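Take a look at the structure set out below.
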Amino acid sequence: MSTAFRWVAQARAGRARAGHLHTAHGIVPTPTFMPVGTVGTVKAMTMDAVRSTGAGIVLGNTYHLMLRPGAERVRAQGGLHRFMDWPGPILTDSGGFQVMSLGALRKLDQDGVTFNSHIDGSKHRLTPERSTDIQNALDATITMCFDECPALPAPTETIAQSMRLSMRWAARCREAFVPRPGYAQYGIIQGGTEPELRAESVRALTDIGFEGYAIGGLAVGEGQALMFATLDSTVPLIPQDRPRYLMGVGTPDDLLGAVERGVDMFDCVMPTRAGRTARAYTERGTLNLRNARHADDLRPISPHCDCLACSRHSRAYLHHLFRANEMLGPMLLTWHNIAYYQRLMRGIRAAIVEGTLDAHGSWLRAQWAMDDWTPDEMPPPDIPPVP
């Protein structure tokens, strides 16, 4: 199939790669982190704020958008790009993870899943074809295959049956996908932490043929070491000329380790969720702005950040906002966290291009292991006198 969607390599450092993802809605430098905009909004942020962080692509979710406002309503209003004020690329998760997490509210069969809405209990049906059609109606730049996500840990045979069902569904998703220049569909590699099952999944998906490949079913409690081991055995099997996306990951250290293993794309709710709960990611680890030690601290969260929270406000002010339950606190801290994740990815990407990834990675890990900046390392911001 001829399509303008492509990933173009720029530089390599070991297994790590830097490149550019060319899409119908713009070019995205990789490695890249996608802020999660589940229901057509990155929580607590305007899209202008998201753009200011340097984000090049965001994520939406089929399950949530089909329930409200509805895919056809979004289509009628110009598609998700116009609806949410994001003209850049959008990747839509297929809804498989959300449906599988409903437990007793859903019933799985070989054709798809019947489930009750977590909002009002209404009954719905998702199949590979329906999920793909919804993503098309949303005008997703990157459509994800509808897959089955078993809860882990699980017996190997259960994981194998689930993976093979997902592979059959992937073939049906591919048949339902509407190819357009600059658009793409990604197959999702499953198989738990079993190398043989992961390899079987990669073979099945590459036989079908997709514009990109995602690694699903990780960051679900298996621990970082086992996740990295699974990447070590899986990523080298993925076609070298296609983008690789690790779904739902993760912490800054997770991102660095996965990039070192050849992953190009990431998403995770961690930075936005942390921002709503007063936790700030920094080069020196994570700060809890609710802690009393910040009540009189006039320093910014980080001396290296130019987001609105850091450039205009002190830790003391942010501490006050959270203690007073003011909505501005989560807004500012979410902005900061997304800005940090984007700055982290830019630095990693630059190190790959410059051939200094080993040194940069060692420096990052050493910084994360340190305590907060001391006052002499980080002077307070200039605060204008009260007239």
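Keep in mind that this is a model prediction, so the values were computed, not measured.
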Under 4.5 Å between side-chain heavy atoms, counting indirect links through other Ile/Leu/Val/Met/Phe/Trp/Tyr residues: same cluster for V8 and V28 or not? no
Residue pair T53 / W335, side-chain donor-acceptor N/O under 3.5 Å: no
Q342 side-chain N/O to Y340 backbone N/O, donor-acceptor pair under 3.5 Å: no
Sidechain-backbone polar pair: R198 side chain, G192 backbone, donor-acceptor under 3.5 Å: yes
For the hydrophobic clusters of this structure (ILVMFWY residues joined by side-chain heavy atoms under 4.5 Å, transitively), does one cluster hold both F97 and V249? no
Heavy atoms, side chains only, cut-off 4.5 Å: are L91 and D267 in contact? no
Mark yes or no for whether R242, through its side chain, and F210, through its backbone, hold a donor-acceptor pair below 3.5 Å. yes
Less than 3.5 Å apart, any donor N or O on the side chain of T251 or D253 sitting next to an acceptor on the other? no
Taking T127 for the side chain and D111 for the main chain, is one N or O donor matched with an acceptor at less than 3.5 Å? no
If you measure from CG on L138 to CD on E72, what distance do you get to the nearest 0.5 Å? 9.0 Å
Does the side chain to side chain donor-acceptor pair (under 3.5 Å) test come out yes or no for N136 and R180, once each step is laid out? CA-CA 10 Å; N136 180 55; R180 290 145 290 165; 3.1 Å; yes
Is the shortest side-chain heavy-atom distance between F83 and P69 below 4.5 Å? yes
Does any donor atom in the side chain of S162 or E148 lie under 3.5 Å from an acceptor atom in the other side chain? yes
For the ring pair F5 and H25, is the centre-to-centre distance below 6.0 Å? no
Taking the side chain as everything from C-beta on, heavy atoms only, tell me whether H81 gets closer than 4.5 Å to T141. yes
Could you label the plane-to-plane angle of the Y341 and Y281 rings as parallel, tilted or perpendicular, counting under 30° as parallel and over 60° as perpendicular? perpendicular
For the pair E211 (side chain) and Q185 (backbone), establish whether a donor and an acceptor sit closer than 3.5 Å, ignoring hydrogens and angles. yes
Could you measure the distance from the CD1 atom of I159 to the CZ atom of R164? Nearest 0.5 Å is fine. 11.5 Å
Does the side chain of R349 pick up a donor-acceptor pair with the side chain of Q10 at under 3.5 Å? yes
Only counting residues at least two apart or in another chain, list the ones meeting side chain to side chain contact (heavy atoms under 4.5 Å, CB included) with H118. Y63, H64, L67, L102
same_hphob_cluster(F228, L344) at 4.5 Å side-chain heavy-atom cutoff: yes
Measure the spacing between NZ of K43 and CZ of R276 and express it to the nearest 0.5 Å. 5.5 Å
If you look only at pairs with a residue in residues 26-38, which of them pass as a salt bridge (Lys or Arg N to Asp or Glu O under 4.0 Å), with sequence neighbours excluded? none
Does R172 pair with E175 as a salt bridge, N-O distance under 4.0 Å? no
Quick check for you: to the nearest 0.5 Å, what is the distance between C145 atom SG and I208 atom CD1? 7.0 Å
Between D120 and S122: side-chain donor-acceptor atoms closer than 3.5 Å: yes
Kindly say whether Q98 contributes a backbone atom to a donor-acceptor pair with the side chain of S101 at under 3.5 angstrom? yes
Under a plain distance cut-off of 3.5 Å, with no hydrogens placed, do T158 and Q161 share a side-chain donor-acceptor pair? no
Would you say the side chains of R125 and T114 form a donor-acceptor pair under 3.5 Å? yes
Do the side-chain N and O atoms of R168 and Q110 include a donor-acceptor pair separated by under 3.5 angstrom? yes
Main chain of L321, side chain of R323: is a donor-acceptor contact present, judged purely on distance under 3.5 Å? no
Short side-chain donor-acceptor distance under 3.5 Å, N337 and R273: no
Give the cluster check for V74 versus I119: same hydrophobic cluster or not, with ILVMFWY residues linked at side-chain heavy-atom distances below 4.5 Å. yes
Kindly indicate whether the side chain of L80, heavy atoms from C-beta on, has any atom under 4.5 Å from the side chain of L65. yes
Do T92 and Q135 have a side chain donor and acceptor closer than 3.5 Å? yes
Side-chain contact test, heavy atoms from C-beta onward, threshold under 4.5 Å: evaluate it for Y245 versus I188 and give yes or no. no
Looking at M327, I want to see if its CE is surrounded by more than 12 non-hydrogen atoms of other residues, nucleotides or ligands under 6.0 Å. no
Please check this pair: side chain of S94 against backbone of S131, looking for a donor-acceptor N/O pair closer than 3.5 Å. no
Test: D133 and R130 ion pair at under 4.0 Å: no
Run the side chain to side chain contact (heavy atoms under 4.5 Å, CB included) test against E260 and tell me which residues pass, sequence neighbours left out. L256, L357, R365
Min side-chain heavy-atom separation W7-L21 under 4.5 Å: yes
Whether R15 and D232 form a salt bridge (side-chain N of Lys/Arg under 4.0 Å from carboxylate O of Asp/Glu) is what I want to check. yes
Beyond-backbone contact of R284 with W368, side-chain heavy atoms, under 4.5 angstrom: no
Under 3.5 Å, is there a donor-acceptor pair between the side chain of R279 and the main chain of T286? no
Quick test of your reading of the model: are D372 and R299 salt-bridged, counting only N-O distances below 4.0 Å? yes
Would you compute the distance between atom CD1 of I57 and atom CH2 of W86 and round it to the nearest 0.5 angstrom? 9.0 Å
If you count the non-hydrogen atoms of other residues, nucleotides and ligands that lie under 6.0 Å from CG in D371, is the total more than 12? no
L218 vs M247 side-chain heavy atoms within contact, under 4.5 Å: no
How long is the gap from OG1 on T156 to CE on M163, to the nearest 0.5 Å? 11.0 Å
Are L197 and L226 co-members of a hydrophobic cluster defined by side-chain heavy atoms under 4.5 Å apart? no
With distance as the sole test, does T132 use its side chain to make a donor-acceptor pair with the main-chain N or O of P128 at under 3.5 Å? yes
Has D296 got more than 12 heavy atoms of other residues, nucleotides or ligands less than 6.0 Å from its CG? no
